[in-house]
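See below for the structure under consideration.
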Amino acid sequence: MTTRTAVHWFRKGLRLHDNPALLEAIKHAEENKCFFRAIFIIDPNIIKFMKVGSNRWRFLAQSLVQLNENLIAINSRLYVVRGSPYTVFPDLFKLWNVSVLTFEVDTEPYSVTRDERVEKLAEKAGVKVIQKVSHTLYNVHTVVRMNGGSPPLTYQKFLSVIQLLSNPRQPLKAPDKLNDYTKPHIDSNELASKFCYDCPTIEDFGVEVTELGPCLFPGGETEALQRLDATLVRKQWICKFEKPNTSPNSLEPSTTVLSPYLKFGCLSPNLFYYKLKGIIDNNVHTKPPVSLIGQLLWREFYYVVAAMTPNFNKMEGNSICCQIPWVNNLTYLSAWKEGRTGYPFIDAIMRQLKQEGWIHHLARHAVACFLTRGDLWVSWELGQEVFEEYLLDADWALNAGNWLWLSASAFFHQFFRVYSPVAFGKKTDKNGLYIKKYVPELVRFPPEYIYEPWKAPVSFQKSVNCIIGKDYPNRIVVHEDVYKENIAKMSLAYKNKRAVHEVSLKRPSTSELHAKNKKAK
DNA sequence: GGAGCAGTTGGTGCA
DNA sequence: CTGCACCAACTGCTC
């Protein structure tokens with residue numbers, strides 16, 4: 001009988017610290033004196049269909065390299081396997097004589113379906129499956145149970161629910177060095193097999209190197225922990241942190257940019273949470289929703305609602321989403337996506353997004369409002385797809401949740417509060433330095449015109465060699481006019497929603513119908 | 001069941 | 001520079 005193997009399957013959670021499922025596999029290997037293997041699966045056939053831009057593929061590739069390095073340091077390694085999980089697993093179960101498979105709970109609908117299928121395959125092969133919650137602070141199902149079976153739909157309600165729960169799990173240490181007997185022998189046959197095991201290069205993901213922007217936020221656990229440390233030394237800043245008071249258009253990020261690391265699980269939310277708590281406890285500090293811990297709890301909030309709401313990332317069939325008659329003008333969409341709406345503040349943000357893969361949260365507000373209820377009246381679902389492609393931190397639940405919010409389709413209802421594509425940015429960048437960085441066409445425009453270049457006299461435009469409508473686009477809509485029309489359309493959509501709601505309330509329930517039928521007889 | 005209040009982060013104009 | 005009323009008026013939750 002060959003030695004058995006305990007396998008940990010990395011998907012998100014690309015880290016060694018605070019990884020309970022990983023520790024579980026290692027514990028099993030050491031207790032039973034069997035092999036341990038950590039795997040990551042890449043399905044070459046679906047890579048080209050995934051909405052992942054070049055910068056995020058690079059982030060993933062970097063994260064896998066660091067994961068492998070960190071595993072090598074504890075006397076192991078990462079085995080990157082190519083293929084579909086549904087064919088890979090039955091092969092590996094046999095080839096490696098697998099006894100245990102561990103992985104982190106993933107609540108995205110796609111992952112839930114995938115993991116259920118893999119669990120069935122494991123069961124068929126006699127492999128024990130162990131799943132652990134470590135991507136979120138709370139088990140989403142526990143939160144829902146505590147709220148009476150449905151997800152809380154306001155942040156404040158969410159806060160009150162988690163106060164009834166026990167504190168989040170304390171973060172766990174990375175595993176110690178593994179015993180030599182956990183390391184399987186790999187003969188040349190296995191290495192030459194279709195699995196190969198090496199970390200993918202960015203070319204393996206089909207990335208054109210020319211498409212890559214500057215690498216401002218390299219992926220990986222080591223990077224994540226360094227970035228966390230750099231944040232944690234700023235104790236006063238953390239204690240005073242208020243999200244609405246941070247700047248969307250500073251030249252360097254005004255917030256932590258830990259989101260990409262949380263998205264891929266290079267950083268544990270539990271570790272972040274308790275490190276922050278250690279700093280704010282015994283100090284005067286800000287509180288949720290605006291505090292830094294408050295931001296982590298927004299993530300939890302969206303994870304809970306997203307996990308429990310069918311079609312959460314769509315308008316149709318989404319029970320919490322206001323049905324709004326968006327018009328998907330593709331000319332508007334591509335102008336927005338490519339940063340040529342003619343509104344410099346909007347275009348600067350969209351170009352930063354495409355080039356660098358990260359934009360400030362309030363910048364996301366400004367461009368999301370502009371695309372949907374504010375100006376262009378294009379569906380939030382299309383904006384969501386663009387963010388999904390370009391953002392390093394693109395996260396299914398958070399992306400959908402925030403688009404629902406910003407388009408006033410759910411969670412947020414004061415649709416008459418519209419961001420001005422001109423005034424909003426001025427508050428924190430009077431001179432438009434941010435615009436000049438990302439929209440260099442306008443580099444010679446003075447503060448009085450930089451947010452509204454169409455107002456500059458033609459003689460001035462000529463003098464700086466930037467004709468509006470030729471060298472930089474004319475604005476595609478007149479904000480002062482369209483936002484008022486859009487508020488009226490929103491008002492109508494909300495009236496409609498109320499009407500539909502009332503009809504459903506008046507409709508007799510099944511039991512009432514039953515009683516009626518009896519009476520009739 | 002209805003009134004009152006709060007809601008992570010709007011804009012404008014005025015004191 | 002800051003604070004405030006006003007704009008027109010949303011929903012969800014609490015009492």
Side-chain angles (χ1 to χ4, degrees), chain A residues 147-148 150-163 240-250 254-256 259 285-302 304-305 309 318-324 343 345-346 349 359-370 372-375 398 401-430 451-452 478-502 504-506:
Chain A
N147 193 50
S150 63
L153 291 177
T154 66
Y155 184 79
Q156 295 302 331
K157 194 80 207 296
F158 170 78
L159 288 184
S160 72
V161 172
I162 59 170
Q163 259 162 22
K240 290 181 176 158
F241 185 92
E242 287 182 315
K243 187 58 156 283
N245 293 340
T246 57
S247 165
N249 47 5
S250 49
S254 62
T255 49
T256 66
S259 52
H285 60 84
T286 54
K287 293 189 173 58
V290 294
S291 65
L292 215 40
I293 281 190
Q295 306 311 302
L296 210 41
L297 296 178
W298 276 105
R299 177 175 180 271
E300 296 289 316
F301 169 67
Y302 284 132
V304 171
V305 188
T309 308
N318 180 343
S319 60
I320 63 168
C321 181
C322 184
Q323 305 296 301
I324 298 167
Y343 282 95
F345 179 58
I346 300 298
I349 295 167
I359 50 177
H360 186 277
H361 186 68
L362 292 178
R364 302 180 196 201
H365 279 217
V367 296
C369 182
F370 186 86
T372 57
R373 66 188 171 84
D375 295 85
L398 276 53
N402 279 310
W403 276 100
L404 283 163
W405 183 291
L406 259 300
S407 62
S409 299
F411 307 119
F412 172 84
H413 312 282
Q414 290 149 293
F415 53 74
F416 38 85
R417 290 191 180 174
V418 176
Y419 289 88
S420 160
V422 171
F424 188 65
K426 278 187 187 169
K427 285 193 289 188
T428 43
D429 179 22
K430 195 158 57 50
Y451 283 87
E452 302 166 281
V478 176
H479 173 75
E480 310 86 277
D481 298 337
V482 286
Y483 92 87
K484 286 180 193 154
E485 296 163 19
N486 290 347
I487 286 177
K489 286 192 260 186
M490 288 300 293
S491 181
L492 212 62
Y494 268 66
K495 274 203 184 84
N496 240 341
K497 182 172 75 164
R498 277 198 300 276
V500 169
H501 183 67
E502 263 152 40
S504 75
L505 280 184
K506 276 178 191 158

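Everything numeric in this text was worked out from a predicted model, so none of it was measured. Naming: A, B, ... by sequence-line order, numbering from 1 per chain.
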Interatomic distance at P, B:dG2 relative to C:dA8, whole Å: 27 Å

For the residue pair A:Trp298 and A:Tyr302, does the interplanar ring angle fall in the parallel (under 30°), tilted (30 to 60°) or perpendicular (over 60°) class? tilted

Output the single nucleotide from B:dT8, B:dG11, C:dT11 whose closest atom is nearest the side chain of A:Lys497. C:dT11

Can you check whether A:Trp298 stacks with the B:dT8 base, using ring centres under 5.5 Å and planes within 30°? yes

Is the distance from the ring center of A:Phe415 to that of A:Tyr494 below 6.0 Å? yes

Give A:Val290 one of three labels, base, sugar-phosphate or nothing, depending on what nucleic acid heavy atoms sit under 4.0 Å from its own. base

Less than 6.0 Å separating the ring centroids of A:Tyr155 and A:Phe412? no

Looking for any heavy atom pair under 4.0 Å, which part of the strands does A:Phe411 touch: base, sugar-phosphate only, or nothing? nothing

In this structure, how many angstroms lie between the P atom of B:dT9 and the CG atom of A:Leu292, rounded? 18 Å

For C:dA8, the Watson-Crick or wobble partner whose two distances fall under 3.5 Å: none

Whether A:Arg498 contacts C:dT11 is assessed here as follows: a side-chain N or O lying under 4.0 Å from the phosphate OP1 or OP2. Is that the case? yes

Scan A:Lys287 against the nucleic acid and name what it touches under 4.0 Å (heavy atoms): base, sugar-phosphate only, or nothing. nothing

Distance check, P atoms only: B:dG7 and C:dA9, in whole angstrom units. 23 Å

Would you say C:dT14 has OP1 or OP2 under 4.0 Å from some side-chain N or O of A:Gln156? no

When you measure from the side chain of A:Lys157, which nucleotide among B:dG11, C:dC13, B:dT9 comes out closest? C:dC13

Rounded to whole Å, please give me the gap between CG in A:Leu153 and C1' in C:dC10. 16 Å

Now, which nucleotide makes the Watson-Crick or G-U wobble pair with B:dT9, with each of the two distances under 3.5 Å? none

Taking atom NZ of A:Lys497 as the centre, does the number of heavy atoms from other residues, nucleotides or ligands within less than 6.0 Å exceed 12? yes

For A:Arg417 and B:dG7, what is the distance between atoms CZ and P respectively, to the nearest whole Å? 11 Å

What do you reckon, is NZ of A:Lys489 surrounded by more than 12 foreign heavy atoms closer than 6.0 Å? yes

Could you pick out which residue, A:Phe416 or A:Lys430, lies toward the 5' side of DNA chain C when each is mapped onto its nearest nucleotide? A:Lys430

Quote, to the nearest angstrom, the P distance that separates B:dG11 from C:dT11. 22 Å

Now, which nucleotide makes the Watson-Crick or G-U wobble pair with B:dA15, with each of the two distances under 3.5 Å? C:dT2

Among B:dG11, C:dC10, B:dT9, which nucleotide sits nearest the side chain of A:Pro244? B:dT9

Rounded interatomic separation in angstrom, taking CG from A:Asn245 and C1' from B:dG10: 14 Å

Pairwise P distance, C:dC4 and B:dA6 [rounded to whole Å]: 16 Å

Here the pair of heavy atoms bringing A:Leu362 nearest to A:Phe424 is O-CE2, 3.9 Å

Hey, would you say the A:Phe345 and A:Phe370 ring centroids sit under 6.0 Å apart? no

Nucleotide C:dG12, atom C1' - distance to CG of A:Leu159 in whole Å: 15 Å

From the list B:dT8, C:dT11, B:dT12, which nucleotide is the closest neighbour of the side chain of A:Tyr302? B:dT8

Could you work out the separation of B:dA3 and C:dC7 based on their C1' atoms and round it to a whole Å? 23 Å

What is the distance from CZ of A:Phe415 to P of C:dG12, rounded to the nearest Å? 13 Å

Which whole-number value in Å describes the distance from A:Gln295 CD to B:dT8 C1'? 7 Å

Rounding to an integer number of Å, can you tell me how far A:Leu404 CG sits from B:dG7 P? 21 Å

